[in-house]
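Letters A, B, ... mirror the listed sequences (proteins, then strands); counts begin at 1. Note that the structure is predicted; figures quoted are calculated from it, not measured.
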Amino acid sequence: MAKGITKRKDNYYKWYNDIVMKAGLAENSSVRGCMVIKPYGFAIWEKMKECLDKMFKETGHENAYFPLFIPKSFFSKEANHVDGFAKECAVVTHYRLKNKEDGTIVVDETAKLEEELIIRPTSETIIWSTYKKWIQSYRDLPILINQWANVVRWEMRTRLFLRTAEFLWQEGHTAHASKKEALDETIQMLNIYSEFAEKWMAMPVIKGKKTENEKFAGAIETFSIEALMQDGKALQSGTSHFLGQNFAKAFDVKFTNKTGKLEYVWASSWGVSTRLMGALIMAHSDDKGLVLPPKLAPIQVVIIPIYRKKEELITIKKVVNKILIKLKEKGISYKFDERDTHRPGHKFAEYELKGVPIRLAIGKRDIKNGTIELARRDTYEKKTYEQIGIENIIQELLEEIQENIYLKAIKFRKENSHIVNTYDEFKKVINEKQGFVFAHWDGTSETEKKIKNETKASIRNIPFGYPEEEGKCIVTGKYSKQRVIFAKAY
RNA sequence: CGGGGUGUAGCGCAGCCCGGUUAGCGCAUCUGCUUUGGGAGCAGAGGGUCGCAGGUUCGAAUCCUGCCACCCCGACCA
């Protein structure tokens, strides 16, 4: 474990990388743009998965699995879809290798595929080609399917968790008999993402609709949740798309409705990815390392014994075991780190780096006094408590920490949200302060593009739940129905 | 694809300009002793096709040519 990590204010980019690597979350692999997710990082992802999976199932969705490969011809069936993804597709062209005389292995050119296969960047096409077989009548609807999978998008530049060539995600693909039902589903899933982000990740997000420029390739409308990171940049953390009948038309998926007429099926798709890991890291962590919300921490409490001799450790263990039983009863996850290869100070630093919410330390003097020292990761506050009943204090504290880091993130977002009314003001804020900028926009793609070219800020979304305050576009002065959120984005 | 840079021990780097003992340093690793309430100290040890291929030279990590890989900035990115 290397000492020290770069400070946020010195180099935010390095700080992020330091945390990912030194906390043991992930590292770059020998494949360009692809990462190795290490056990501790994967444990956090598994917690996220577990929770989301439960939420999906509670709302009637089922898991299934579709192929990694997509025939090239499927791809071109939806024009916007292919336009959006063509430039970043990995393509499989052969199915065999052979040995050359010099011992090297080469592609066997005689084993060329009749039709190339695309490694899925998203699964709408393979899934809708399947749904065609499954759907005949309104009685077959709705289909509410989710899949946990990996996808590949050949990105030019990658960053651990935030943008990798291969990433893990879930993608929901639903089919409905009416437009309203599909739209309701789209919004329902957006709400689930938002609830997950806020209640589990302790990360405030703004729900809203994407502009034409920013929407999903093949969607009628895209909705997103947007979070603000500590460097003032926005991170799109989840998207839910209303696909209308676009994919049903592309794959000729029709059903007979109650009145006996043939109609195209309505669709939604929605997804979150390992990018959420990036969001989680950047939302709460500090210069000493990761800060995890208790609800997603693989280890909620770490217990560190402080001892000189083996006999002391034995005494400590007896006391600790009683506490561990109580923690287990309460469903609190813990780790008792009795390694004698590292000293206590080293362990303290290590678990701070790993973002463990609560640390207990117990040594000779605690044994004598019947006490235990408790330190919380979010505030660094240290206090000594009676051993008896410590599990209750821990349970309450875990909830308090969850709440505290959420409130801290809310406060940060509030301090970094700006309302501006002129383009000059806009440029100044975007350049000097960053953050979310609420401004009026005339609703045209031209204006959005102009602003993006000139300031690098894009419209994150047209937020829901904000007063529909009318105004004039900061660039053109034309009518605007409501303010939209601008920010520089990841 | 354009601009810049880097490849030397597991990791991070120095050495290269100006060729010349046995290629160094920090961290990590291993052994021993002492330590253990905030990243231990001392002593010792192990670990190298100097990115690859060719060339110049008595002699190349160092100079030359070609190739490869990676990184950064830009373009690109639901």
Side-chain angles (χ1 to χ4, degrees), chain A residues 1-6 11 13-14 17-18 21-22 27-34 78 80-89 121-122 124 151 153-159 162-165 167 169 171 209-226 236-243 269-273 275 288-289 304-310 312-313 316 337-354 359-369 371-375 380 382 384 452-453 456 458-461 489-490:
Chain A
M1 195 70 55
K3 266 186 208 175
I5 53 179
T6 308
N11 187 334
Y13 177 96
K14 268 195 174 170
N17 262 315
D18 279 355
M21 310 260 246
K22 292 180 178 170
E27 63 188 35
N28 282 311
S29 71
S30 39
V31 183
R32 194 206 73 102
C34 297
E78 215 288 338
N80 289 322
H81 192 65
V82 70
D83 280 354
F85 288 106
K87 277 180 280 180
E88 51 187 42
C89 283
T122 178
E124 274 77 7
V151 287
R153 295 178 191 180
W154 215 261
E155 300 285 357
M156 313 274 299
R157 279 177 69 182
T158 58
R159 273 189 82 178
L162 297 172
R163 173 170 290 117
T164 47
F167 56 92
W169 77 344
E171 46 181 329
K209 194 173 103 173
K210 284 283 184 186
T211 62
E212 283 299 301
N213 282 339
E214 300 273 334
K215 77 177 188 187
F216 175 72
I220 303 286
E221 283 184 316
T222 288
F223 303 92
S224 74
I225 52 170
E226 302 284 334
Q236 176 176 296
S237 307
T239 46
S240 187
H241 315 291
F242 170 62
L243 303 175
S269 72
W270 28 274
V272 295
S273 71
R275 181 179 241 207
K288 284 200 175 170
I304 295 166
I306 296 153
Y307 61 96
R308 287 163 196 265
K309 294 172 187 160
K310 280 243 167 85
E312 286 177 32
L313 177 62
I316 291 170
D337 187 351
E338 55 175 303
R339 285 177 299 172
D340 62 0
T341 51
H342 297 273
R343 307 201 328 170
H346 183 96
K347 295 179 187 174
F348 291 173
E350 184 180 335
Y351 293 106
E352 267 162 16
L353 185 54
K354 292 194 158 213
R359 180 185 77 227
L360 299 175
I362 179 162
K364 202 171 169 184
R365 76 174 180 231
D366 295 298
I367 295 295
K368 203 169 79 188
N369 300 334
T371 56
I372 193 159
E373 185 190 77
L374 185 154
Y380 295 106
K382 270 197 258 188
T384 300
K452 193 172 179 180
N453 286 336
K456 288 184 180 167
S458 55
I459 298 177
R460 301 323 305 150
N461 67 25
Y490 274 98

Can you check the [X] [atom1] to [N] [atom2] distance for me, whole Å?
| X | N | atom1 | atom2 | result |
| --- | --- | --- | --- | --- |
| His342(A) | rG39(B) | NE2 | C1' | 11 Å |
| Lys210(A) | rC77(B) | NZ | C1' | 12 Å |
| Asn213(A) | rC76(B) | CG | P | 13 Å |
| Ile5(A) | rC11(B) | CD1 | C1' | 17 Å |
| Lys452(A) | rC76(B) | NZ | P | 8 Å |
| Asp340(A) | rA40(B) | CG | P | 14 Å |
| Met21(A) | rA28(B) | CE | P | 18 Å |
| Lys309(A) | rU35(B) | NZ | C1' | 12 Å |

Give me the distance, rounded to whole Å, that separates [N] from [M] when you measure between the [atom1] atoms they each carry.
| N | M | atom1 | answer |
| --- | --- | --- | --- |
| rA28(B) | rC68(B) | C1' | 29 Å |
| rC42(B) | rC27(B) | P | 10 Å |
| rG4(B) | rG47(B) | P | 42 Å |
| rG54(B) | rG12(B) | C1' | 31 Å |
| rG26(B) | rG19(B) | P | 28 Å |
| rC1(B) | rC67(B) | P | 14 Å |
| rC76(B) | rA69(B) | P | 25 Å |
| rC13(B) | rG7(B) | C1' | 12 Å |

Nearest to the [X] side chain among [options], which nucleotide is it?
| X | options | result |
| --- | --- | --- |
| Pro344(A) | rC77(B), rG37(B), rC71(B) | rG37(B) |
| Phe348(A) | rC76(B), rG37(B), rG38(B) | rG38(B) |
| Arg359(A) | rG39(B), rG38(B), rU36(B) | rG38(B) |
| Arg365(A) | rG38(B), rG37(B), rC77(B) | rG37(B) |

With a 4.0 Å cut-off on heavy atoms, is [X] in touch with a base, just the backbone sugar-phosphate, or nothing at all?
| X | answer |
| --- | --- |
| Gly84(A) | nothing |
| Arg32(A) | sugar-phosphate |
| Lys382(A) | base |
| Asp366(A) | base |
| Lys364(A) | base |

_Quick check: on RNA chain B, is the nucleotide nearest Gly33(A) upstream (toward 5') of the one nearest Phe216(A), or the reverse? Name the residue that is more 5'._
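It is Gly33(A) whose nearest nucleotide is closer to the 5' end.
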Open item on the list: With nearest nucleotide decided by heavy atoms, which residue, His241(A) or Asn17(A), maps closer to the 5′ end of RNA chain B?
Closed with: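 The answer here is Asn17(A).
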Just one of Arg343(A), Arg339(A), Glu338(A), Lys347(A) clears the side chain to side chain contact (heavy atoms under 4.5 Å, CB included) bar with Ile304(A), so which one?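 The passing option is Lys347(A).
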If only side-chain N and O atoms of [X] are considered, is one of them under 4.0 Å from the OP1 or OP2 phosphate oxygen of [N]?
| X | N | value |
| --- | --- | --- |
| Arg308(A) | rU36(B) | yes |
| Arg343(A) | rG37(B) | yes |
| Tyr13(A) | rC72(B) | yes |

Side-chain-base donor-acceptor pair under 3.5 Å for Glu350(A) and rG39(B):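 No such pair is found, so the answer is no.
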For the residue pair [X] and [Y], confirm or rule out a side-chain donor-acceptor distance under 3.5 Å.
| X | Y | result |
| --- | --- | --- |
| Ser224(A) | Asn461(A) | yes |
| Asp337(A) | Tyr351(A) | yes |
| Glu124(A) | Ser269(A) | yes |

For RNA chain B, the expected dot-bracket line (Watson-Crick or G-U under 3.5 Å, [ ] crossing, | inter-strand) is (((((((..((((......[...)))).((((((.....)))))).....(((((..]....))))))))))))....
